[in-house]
Peer 1: 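My questions will all concern the structure given below.
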Amino acid sequence: MVRTRFAPSPTGYLHIGGVRTALFNWLLARQAGGQFILRIDDTDQQRNVEAALKPILDGFRWLGIDWDEGPEVGGPYEPYFQSQRGEAYAAAAARLLASGHAYRDYARPEELQAQREEAEKAGRTFVYDRRWMAEDDAAADRFEAEGRTAVVRLKMPREGQCVIQDRIRGEVRVDWASEQDHVVQRADGSCLYHLASVVDDHDFAITHVVRAAEHLPNTPRQVFIAEALGYTLPEYAHLPYVAEPGGTAKLSKRKLDKYLKNKDFAQLLEHGQRIAERAHLTVDADTFNPVIVDFYRETGFLPDAILNYLLLLGWSLDGSTERFTRASMIESFTLDRVNKAPASFDPQKMLAFEADWMSELEPKKKVAMVLPYLQRAGLVSQPPECELSDKLTRIVTAAGDRIKVAGDILDFDFCFVSPENLKYDEKAFEKRIAKPAEARPLLEQFAARLASIEPFVAERIEAELKQFCEEQDIKIGQIIHALRVATTGQPVGFGMFETLEVLGREQTEARIRRAVLLENSEKG
RNA sequence: GGCCCCUUCGUCUAGCGGUCUAGGACACCGCCCUUUCACGGCGGCGACACGGGUUCGAGUCCCGUAGGGGUCACCA
């Protein structure tokens with residue numbers, strides 16, 4: 001049986017690095033037919049755990065990373081909130097005390113701090129001399145008479161080594177002497193994270209502790225606690241962390257300013273912001289960025305693409321397989337092929353995976369993804385008219401790879417506005433319509449021929465325009481750019497004939513006539 | 001600073017002593033396709049951090065050096 005867990009603190013957002021850690025845990029459990037558990041590390045007792053947890057659970061749900069036990073679904077080891085398991089931790093602390101693996105310590109924080117600074121000044125490693133350790137009740141009484149209160153501290157070994165067998169790093173050895181007598185229980189009886197974590201992993205029957213490498217230095221003390229409590233150690237696997245774009249430092253949500261200096265990161269963010277703005281999304285400036293999962297959901301990424309990208313950040317099957325579906329990643333994932341070195345987050349490659357997955361999405365699904373953006377932008381009525389889905393299918397098909405994320409549909413907003421509301425790109429209008437002397441007459445003449453195109457479909461439109469060019473003895477390039485600007489307002493877009501078909505005969509004609517009559521000053 | 005971890009193209013990586021004049025992907029640069037922008041096709045640029053060993057032979061094993069990172073709480 002394999003049981004893995006991901007243990008988020010309720011912080012109000014789901015970090016992309018956290019998703020990768022969760023993904024690896026999830027993969028391991030799914031592949032073995034085991035369980036993936038979500039445990040909430042809220043020993044810090046925040047005010048509004050529920051609200052801070054929601055974005056995290058929503059994020060996992062959206063990504064399709066489902067948990068077998070945890071918040072909302074419960075499970076045989078309820079509760080899964082550390083804040084509700086204080087008694088279990090306190091009992092463990094008592095056992096540690098009883099067995100002599102921990103002691104009551106009456107030091108005041110400032111006293112220890114002073115010792116610490118002194119040691120640092122003298123250039124030696126701080127080792128607590130256990131001056132305020134109470135080994136018996138008499139000592140405890142004496143300290144209490146001084147008005148001191150006790151915390152429970154681990155009585156760490158001061159010789160020998162802790163040997164950790166890590167599934168990714170191999171054997172890691174640390175001298176016990178370099179460890180501190182960590183506090184595991186406060187004077188008020190509440191317990192600290194390391195004790196809680198070890199107790200939970202044991203009580204929840206976790207078999208594999210797969211977590212970020214930053215926890216590696218914490219592992220000796222956890223091993224000490226687990227062994228003192230007589231627990232069987234779980235398998236440990238410390239993942240290299242996800243590094244910042246273009247760098248090697250750990251990706252953090254608090255260093256956005258720095259990441260903005262990375263061109264690719266800034267570009268991705270701007271891409272998202274443009275979508276948010278046009279779709280009138282109310283986004284939280286604090287969490288709307290490529291480090292946080294919400295960003296991808298709100299701009300219309302595919303969960304499969306994100307998972308695929310994250311899977312390959314620090315793991316590979318071989319030198320060439322890039323594309324993984326959920327099923328294939330569950331089948332192929334193994335811990336021993338996880339890399340040891342940090343992998344830097346590459347916004348461009350993330351987008352490349354997204355584009356790839358999007359290109360294989362059937363039109364029907366694309367339409368469904370894209371529709372909410374048009375509705376929020378106020379470009380289509382709500383509920384949509386029945387012809388709309390047909391129109392959207394044609395747009396989405398014609399747009400093809402140009403729609404990388406669902407929100408990109410708003411690049412084609414010109415399909416949905418009335419001729420008088422069409423906005424023209426100024427430079428394009430100047431270059432293609434205002435300046436060339438032949439543009440307006442050609443447009444007018446072609447507009448006159450629209451009526452004869454039957455049916456009004458791309459193929460027929462193309463034939464008609466080509467014939468028109470032949471008659472006029474011009475190259476197609478001499479009119480098509482003007483035609484594009486006149487009908488879409490844009491210098492670029494998808495196929496011209498598909499565009500006109502989508503717009504329809506009346507719209508096409510009305511737009512050409514408006515463009516022809518338009519003075520430069522009123523392109524608005 | 002102590003302790004721990006890491007080190008192949010700009011980035012993600014393949015490589016588990018000879019098949020490596022180091023392979024793939026993203027990015028970048030050309031060319032082709034083309035009504036624009038994309039897509040696509042073809043080609044190009046581009047890396048074993050350094051120094052010692054071991055070995056007939058090292059990207060691959062060992063030891064140093066350098067660099068990078070993580071961590072050192074009555075936070076999680």
Side-chain angles (χ1 to χ4, degrees), chain A residues 7-11 41-44 46 82 105 107-109 112-113 116 119-120 123-126 149 151-153 164 166 168-169 172-175 177-180 182-188 190-194 196-197 212-220 238 240-241 243 245-250 263-264 309 312-323 337 339-353 355-356 359 399-404 411 428 432 462 465 469 475-485 488 490-497 499:
Chain A
S9 318
T11 49
D41 278 11
D42 58 346
T43 51
D44 220 13
Q46 303 190 7
Q82 292 194 325
D105 182 58
R108 296 191 169 106
L112 249 32
Q113 189 51 37
R116 223 174 252 126
E120 196 177 329
R124 51 190 168 78
T125 320
F126 168 69
T149 53
V151 297
V152 176
R153 260 182 210 285
I164 299 159
D166 191 279
I168 293 167
R169 274 148 228 284
V172 177
R173 293 169 169 273
V174 184
D175 289 340
S178 67
E179 283 290 309
Q180 300 294 322
H182 305 281
V183 174
V184 291
Q185 187 175 32
R186 299 184 182 94
D188 66 3
S190 64
C191 293
L192 277 331
Y193 168 76
H194 292 292
S197 184
E214 61 195 89
H215 286 283
L216 190 53
N218 302 329
T219 308
H238 288 93
Y241 49 81
T248 48
K250 186 171 73 175
K263 196 176 102 266
D264 300 335
Y309 173 69
L312 264 13
L313 250 198
W315 180 86
S316 69
L317 175 65
D318 51 41
S320 55
T321 314
E322 292 268 312
R323 194 184 169 84
R337 289 201 58 89
N339 260 356
K340 290 178 185 164
S344 113
F345 175 75
D346 182 348
Q348 279 193 332
K349 193 148 188 179
M350 163 95 246
L351 234 199
F353 273 96
D356 184 49
S359 74
D401 297 295
R402 295 168 186 85
I403 298 176
K404 289 184 163 60
D411 285 343
R432 300 299 189 186
E462 180 171 3
L465 185 69
C469 290
K475 283 199 238 169
I476 200 165
Q478 288 175 266
I479 181 174
I480 209 159
H481 299 293
L483 190 55
R484 179 182 297 284
V485 175
T488 71
Q490 303 289 319
V492 301
F494 47 81
M496 188 71 261
F497 310 112
T499 303

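Per chain, numbering begins at 1; letters A, B, ... match sequence-line order. All figures in this text were calculated on a predicted structure; none of them were measured in a lab.
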Peer 1: Under 4.0 Å, heavy atoms only, any strand: does A:A119 hit a base, just the sugar-phosphate, or nothing?
Peer 2: nothing
Peer 1: Across the strands shown, which category fits A:H194 at heavy-atom distances under 4.0 angstrom: base, sugar-phosphate, nothing?
Peer 2: base
Peer 1: Closer than 4.0 Å, any side-chain N/O of A:R337 to the OP1 or OP2 of B:A14?
Peer 2: yes
Peer 1: Between B:U36 and B:C31, how far apart are the two P atoms, rounded to whole Å?
Peer 2: 15 Å
Peer 1: What distance, rounded to whole Å, do you find between the two P atoms, one in B:A14 and one in B:U54?
Peer 2: 30 Å
Peer 1: With rounding to the closest Å, how many angstrom separate the C1' atoms on B:G68 and B:G15?
Peer 2: 23 Å
Peer 1: Using a cut-off of strictly less than 4.0 Å, decide whether A:K250 has a side-chain nitrogen or oxygen near OP1 or OP2 of B:G68.
Peer 2: no
Peer 1: Distance check, P atoms only: B:U7 and B:C48, in whole angstrom units.
Peer 2: 16 Å
Peer 1: Just to confirm, is there a sub-4.0 Å distance from OP1 or OP2 of B:C12 to any side-chain nitrogen or oxygen of A:N339?
Peer 2: no
Peer 1: Using a cut-off of strictly less than 4.0 Å, decide whether A:R186 has a side-chain nitrogen or oxygen near OP1 or OP2 of B:A73.
Peer 2: no
Peer 1: If we take the C1' atom in both B:C16 and B:C26, what is their distance in whole Å?
Peer 2: 26 Å
Peer 1: So, does the side chain of A:K349 form a donor-acceptor pair with the base of B:A27 at under 3.5 Å?
Peer 2: no
Peer 1: What contact category does A:F494 fall into here, base, sugar-phosphate, or nothing, at under 4.0 angstrom with non-hydrogen atoms?
Peer 2: base
Peer 1: Say we look at B:U55 and B:G70: how far apart would their P atoms be, to the nearest angstrom?
Peer 2: 40 Å
Peer 1: Do any side-chain nitrogens or oxygens of A:S320 fall under 4.0 Å of OP1 or OP2 in B:A14?
Peer 2: no
Peer 1: Taking A:R402 first and then A:D411, would you say they form a salt bridge - that is, a charged N and a carboxylate O separated by under 4.0 Å?
Peer 2: no
Peer 1: Could you give the distance separating B:G18 and B:U60 at their C1' atoms, to the nearest angstrom?
Peer 2: 11 Å
Peer 1: For B:C62, does the O4'-C1'-N9-C4 or O4'-C1'-N1-C2 angle fall within 90° of 0, making it syn, or is it anti?
Peer 2: anti
Peer 1: What I'd like to find out is whether the side chain of A:K340 reaches to under 4.5 Å of the side chain of A:P240, using heavy atoms alone.
Peer 2: no
Peer 1: Suppose you measure atom P in B:G1 against the same atom in B:U65; what distance do you get, rounded to whole Å?
Peer 2: 14 Å
Peer 1: Go through B:G70, B:C37, B:C3 for me and flag the one nearest to the A:P217 side chain.
Peer 2: B:G70
Peer 1: Taking C-beta and beyond as the side chain, do A:I479 and A:C469 meet within less than 4.5 Å on heavy atoms?
Peer 2: yes
Peer 1: What nucleic acid atoms does A:F497 come within less than 4.0 Å of, heavy atoms only: base, sugar-phosphate, or nothing?
Peer 2: base
Peer 1: Select base, sugar-phosphate, or nothing to describe what A:V184 touches, counting heavy atoms under 4.0 Å on all strands.
Peer 2: nothing
Peer 1: Look at A:S178 and B:G2 and indicate whether a side-chain polar atom (N or O) is within less than 4.0 Å of OP1 or OP2.
Peer 2: no
Peer 1: Classify the nucleic acid contact of A:E322 as base, sugar-phosphate or nothing, counting any heavy atom under 4.0 Å across all strands shown.
Peer 2: base
Peer 1: Go through the N and O atoms of the side chain of A:H182 and the base of B:A73, and report whether any donor-acceptor pair is under 3.5 Å.
Peer 2: no
Peer 1: Is there, by distance only and without an angle test, a donor paired with an acceptor across the side chain of A:R402 and the base of B:C37 below 3.5 Å?
Peer 2: yes
Peer 1: Report which part of the nucleic acid A:G314 touches: base, sugar-phosphate, or nothing (heavy-atom distance under 4.0 Å, all strands).
Peer 2: sugar-phosphate
Peer 1: If we count only N and O atoms by modelled type, under 3.5 Å, do the side chains of A:D175 and A:S178 hold a donor and an acceptor together?
Peer 2: no
